[in-house]
2 protein chains.
Amino acid sequence: MKKIDIFKKLRSSGLRPTKQRVEIAKFLFERDKTFHFTVESLDKLLAKRTTSKFALATIYNTVHAFKKAGHLSEVEVRGKKTYFDTNITNHHHFYDSETCELIDIDANDVVIQKIPKAPNGKKIKNVEVFINLKN
Amino acid sequence: MKKIDIFKKLRSSGLRPTKQRVEIAKFLFERDKTFHFTVESLDKLLAKRTTSKFALATIYNTVHAFKKAGHLSEVEVRGKKTYFDTNITNHHHFYDSETCELIDIDANDVVIQKIPKAPNGKKIKNVEVFINLKN
DNA sequence: TTTTTACTTTAGAATTATTATAAACTAGGA
DNA sequence: TCCTAGTTTATAATAATTCTAAAGTAAAAA
């Protein structure tokens with residue numbers, strides 16, 4: 001993804017393309033495969049790859065802004081950390097608690113045959129399937 | 001559940017039936033319906049219902065001891081808090097993010113037709129289905 | 001282009017949930 | 001009853017995240 005596209009992506013979602021956002025966006029979105037990360041891991045990776053430095057709060061702000069704009073999804077797993085996922089399509093996850101690793105599962109690879117009705121007055125927003133792994 | 005049964009329940013799982021544990025166990029297990037709670041909410045409820053006071057650390061210890069002994073299950077949902085569930089059978093959950101409320105779904109009410117193979121070297125430990133609700 | 005304004009970044013403080021610590025206490029066996 | 005290991009407790013520590021307020025910057029207005 002070219003710099004100009006990053007600019008577009010940010011601007012079209014109402015985010016000013018600041019130096020920090022552009023750098024973070026380039027790092028996150030210029031890749032073919034899905035990328036899972038926590039704020040902490042992203043911070044470390046950015047520190048390695050770039051010369052600029054980022055306040056931790058900036059990474060939190062940016063990642064949440066990207067999420068709000070629909071460029072990232074958030075995945076909550078057992079444990080204290082929040083993971084983010086560059087795969088924003090509807091999909092599911094394997095979770096390997098040994099390695100604390102998330103692995104995407106395509107939505108088509110999980111077929112649910114039967115599901116209960118939502119309680120009165122409520123609707124189903126989405127269904128998340130977590131497959132926990134062991135060795 | 002009678003006090004003597006609480007004693008048995010605790011002792012059979014290697015937990016000394018201390019005053020605190022017995023009171024907490026009575027509060028949690030002397031009910032017909034599933035009960036979902038966080039450590040924080042349990043603390044508040046206990047403060048209302050009983051005259052004894054409990055250190056927060058005791059509630060953490062006790063709840064985790066109960067979980068380890070298989071008397072409670074733990075459910076992680078979006079957000080920072082950890083929920084515990086007196087329903088220790090294999091089951092799923094609705095999650096109402098408006099009210100931060102968990103609702104049990106019987107395992108039989110969710111039928112999964114197709115599921116992907118675990119990655120190489122890994123096995124599937126369990127499958128958790130979360131149905132997120134909206135209004 | 002300069003000025004202005006609103007949005008951002010930043011470092012550090014604050015908050016929140018949880019766990020660790022170490023001293024005092026207690027259940028249950030010897 | 002005495003002893004010992006397991007428990008409880010208050011408090012400190014930790015960890016992830018959010019808040020704050022000052023300094024900086026992008027983009028609109030002049």
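A, B, ... follow the sequence lines: proteins, then strands. Residue 1 opens every chain.
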Are side-chain heavy atoms of B:H93 and B:D85 found at a separation under 4.5 Å? yes
Whole angstroms only, please: what is the CG-P distance between A:D43 and D:dA15? 15 Å
C:dC25 P sits how many Å from B:K19 NZ, rounded? 13 Å
Compute the ring centroids of A:F29 and A:F66, then answer whether they are less than 6.0 Å apart. yes
B:H64 side chain N/O closer than 4.0 Å to the phosphate oxygens (OP1, OP2) of C:dT18? no
Without decimals, in angstroms, what is the distance between B:I59 CD1 and D:dT8 P? 11 Å
Between D:dA27, C:dT9, D:dT9, which one does the side chain of A:R11 approach most closely? D:dA27
Please tell me whether A:K122 and B:N135 have a donor and an acceptor in their side chains that are separated by less than 3.5 angstrom. yes
Going by distance alone, is a donor N or O of one side chain under 3.5 Å from an acceptor N or O of the other, for A:D109 and A:H92? no
Whole-Å distance between C:dA11 C1' and A:Q20 CD? 14 Å
In whole Å, what is the span from the CD atom of A:E40 to the P atom of D:dA15? 9 Å
Answer with base, sugar-phosphate or nothing: what part of the nucleic acid does B:T18 contact at a heavy-atom distance below 4.0 Å? sugar-phosphate
Side chain of B:A57, heavy atoms from C-beta onward: which of D:dT11, C:dT9, D:dT8 has the nearest atom to it? D:dT11
According to a strict under-4.0 Å criterion, is B:Y60 in side-chain N/O contact with OP1 or OP2 of C:dT19? no
Please report the distance, rounded to the nearest Å, between OH in B:Y83 and P in C:dA17. 11 Å
Rounded to whole Å, please give me the gap between CG in A:L42 and C1' in D:dA16. 15 Å
A:K53 side-chain N/O to C:dA11 phosphate OP1/OP2 under 4.0 Å: yes
Can you measure from CD (A:E23) to OG1 (A:T18) and round to the nearest 0.5 angstrom? 9.5 Å
Walking DNA chain D from its 5' end, the first of B:L56 and B:R16 to be reached, judged by nearest nucleotide, is B:R16
Distance in angstrom units between B:E23 CD and C:dA27 C1', rounded: 16 Å
